[in-house]
Amino acid sequence: MPAKAAFYDVDGTLVKTNVVHVYAYYAMNRGSLLGIAGRTLATAASAPLFAAMDAVNRKKFNEFFYRYYAGLSEDRLISIAEDMFEDVLKPALYEQTRDLIDQARRAGCRIVLVTGALDFSMRPLVRHLGADDLIANKMQFVGGKATGKVIPPIIEGANKANAIRSYCVREGLALDQCHGYSDSSSDYAMLAVVGRPTAVNPDMRLRSIARAYNWPILDLK
Amino acid sequence: MRPLKTLQKLYDEESQVVITEKGSPPRALFSGENFLLEDLPVGTRVIFPRPPLAGVPNVKAAIRWAINHPEGMEPLHALLRPGMRLTCVIDDISVPLPPMATPDVRQSILEVVLELCADSGVDDIHLIIANALHRRMTEGEMRRMVGQKIFDAYYPDRYYNHDAEDPDGITELERSPCGSHVVAVNRRVAESDLTVYVNVNFVPMNGGHKSMGTGLANYASLRAHHNPQTIRGSDSYMEPKKSELYRRNERIGKAIDKHLKVFHIESVLNNRMFGPATDFLHKREEDYTEGDRLKFHAMRYALSKVPRAAARTILNSVPAPYDVTGVFAGATEPTHQKILEKSWQQYVVPVQGQSDIVIFPIPFISPYSVNSILNPLLVQVMGLGYFFNLNRGVPLVKKGGVIILTHPAFDEFDPVQHPSYIEFFNRVLPETRDAVEIEKKYEREFAENPSYVHLYRKGNAYHGVHPLYMWYWGENGRQHAGKVIVAGAENNHVPALLGWDRTDTLTEAIEEARGFMGRSASISLLRIAPTVMVDVK
């Protein structure tokens, strides 16, 4: 049997959070105490705007938000990531996430997380789930400080599909035997590129796509 | 005056067999969620179900008598010890069909057993549904099956569905060095001091060694007999002596009996499928009263006017008033033997010789579509799997003959209960219908698909491999029949994918079948449901 992988989107698929939560956490955890309060208020106030932007154009949203990281040191980002995992991601994991991943592993799949979040913010989750690999955005660092820019191509939409295809070619996996899991219609390309797509807690549009293509629909709790 | 030969032909030595003549009434035939009313050609042999046997007058008394006078074992009360670990295993919703009116016989048995356990100081009790790779029963279905009182006391921590994919929930009792022969059961059962199997027998293939060997197993264990080779080796699923399926189950069952202490309580039902409103369906059309005819036409009209989903809901919501005709308990084999005798007594109708053409009316329900849709693969398994095998080793249809099914063969699937069926139907069947090739190429993939495993474990879906089993199940009929025609199919592609011909009406189907088998071809109709089996002499 050829080698295969299961590719999982993270936000909304494996964890209840949206990518906005992660950004908000970072925004709140930098600088002075007064600054934290100010930024917390500002982040809370603009959260609906971010959510709307995210819904309209994930790519623009990512580019816009990554600027918040400018000037932070790599060490600092990594240590915030550890806290963020404990405070935000771990409690938000669906109870059934681990079962789903264990089942894929038993079926002989390599476990790969595919996310538009930044790689350092996802490392603790990768370790926690025992995933084999991570496909995520990478922040540009100059002299150990984040520039606020992401090394292209930004992992989202069709680029997720490209990244998965390249990963399969590089690792010698049979793309048509691979599984894909996502909750969002923005990941349609990622789901369409693998042979075994599955919609997980899908939004309305993805649910209708999944029904039309007879993809399985999972409702993780 | 009619010559003696004609008279013999008309009665065929058995009142359940009627030969159609010029003045015979049209036949009421199931066709999915509705009925056909068809005039059949003169000379067609119509085989009717036997009238329901009388039930035992007091079910609880029969249960108590059975567990106090078991076959080949000590009485149940003598096996109970205070502080022991006991598990009651219960047949799932796939039997009987339709589900029986409450109280379900399983509830009655459990009420007796649990009361006895309480009196004996046994309180570490779990109730497990032996659903194997079938879908998990819903909370409502579980409540209905055992009654509110037991449900409240045990659900959800001590009353639950078996999970064949729980890596910590299965214990392997035996494994051959190459891994092809695995005997695995539910861990809780393996670790219990005593298992009480609560069975309800609907057809002779239920019960016996199949109960534990199949109901509580996992995929690795089921592969030993759920495969095309075993099916091809079985002359009938319903006759243990002619069934390779039974023999393989027996091997596994004997291994289980070697390792575990199992007290079987088997019950058998009569075939009273229809309540007072529709009990005319038990009758021969010759015996319909004006009232029966009126009720039939009203029902047929009403079902034709409502959307199919609504008709399905209506039909699924009518339980069957089965009577319990016997309860036996004790060791696996002697208990099951008693049940088999009762079962034959109810179902078997002797008939003279096979037919060139056989008509099977397909109803709205199957063991795998309770509260769901009879999708095309399930239509296939009803016709070529179950109905074809309703005999004791000699099929009703001749080798190379024609099987006619009456069903709309709609392209509808339930994504909640049958998600992997959809992929199988749309992806595998267009490539091949060869069961051996399907097993080789696709079985593992479907069985291990993590999404299907998840839907089986956490949702109410049949296991990913189940549609393949459904395809294997039809293997006997497929290998035996020269042609299959589905009469009344509303589209072309479903019959085409299944490898069948289609016609708009039953008359056209019979014409086509006669074209295939010759103008003098003999025709039989198995007027099912209620359940009927034939003993072809």
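Labels below follow one simple rule: chain letters A, B, ... track the order of the sequence lines, proteins then strands, and each chain is numbered from 1. The model shown is predicted, which means the values in this text are computed figures rather than measured ones.
Proximity of A/Gln96 to B/His454: side-chain heavy atoms (C-beta onward) are separated by under 4.5 Å at one or more points.
If you measure heavy-atom distances from B/Tyr452 to chain A, the contacts under 4.5 Å come from the side chain alone. Using a 4.5 Å cut-off between heavy atoms, A/Arg211 contacts chain B through its side chain alone, with no backbone atom that close. Only the side chain of B/Asn426 comes within less than 4.5 Å of a heavy atom of chain A; its backbone N, CA, C and O stay farther away.
Residue-level contacts of residues 126-145 of chain B with chain A do not occur; threshold 4.5 Å between heavy atoms. For residues 189-208 of chain A, a heavy-atom distance under 4.5 Å to chain B picks out A/Arg196, A/Thr198, given by residue number. When the heavy atoms of residues 213-221 of chain A are compared with those of chain B, the residues falling under 4.5 Å are A/Asn214, A/Pro216, A/Ile217, A/Leu218, A/Leu220, listed by number. Within residues 164-172 of chain B, the residues having any heavy atom under 4.5 Å from a heavy atom of chain A are, by residue number, B/Glu165, B/Pro167.
Rounding to the nearest 0.5 Å places CG of A/Asp99 at 4.0 Å from NZ of B/Lys458.
Minimum interatomic distance between B/Pro450 and A/His179 (heavy atoms only, all atoms of both residues): CD-CE1, 3.3 Å.
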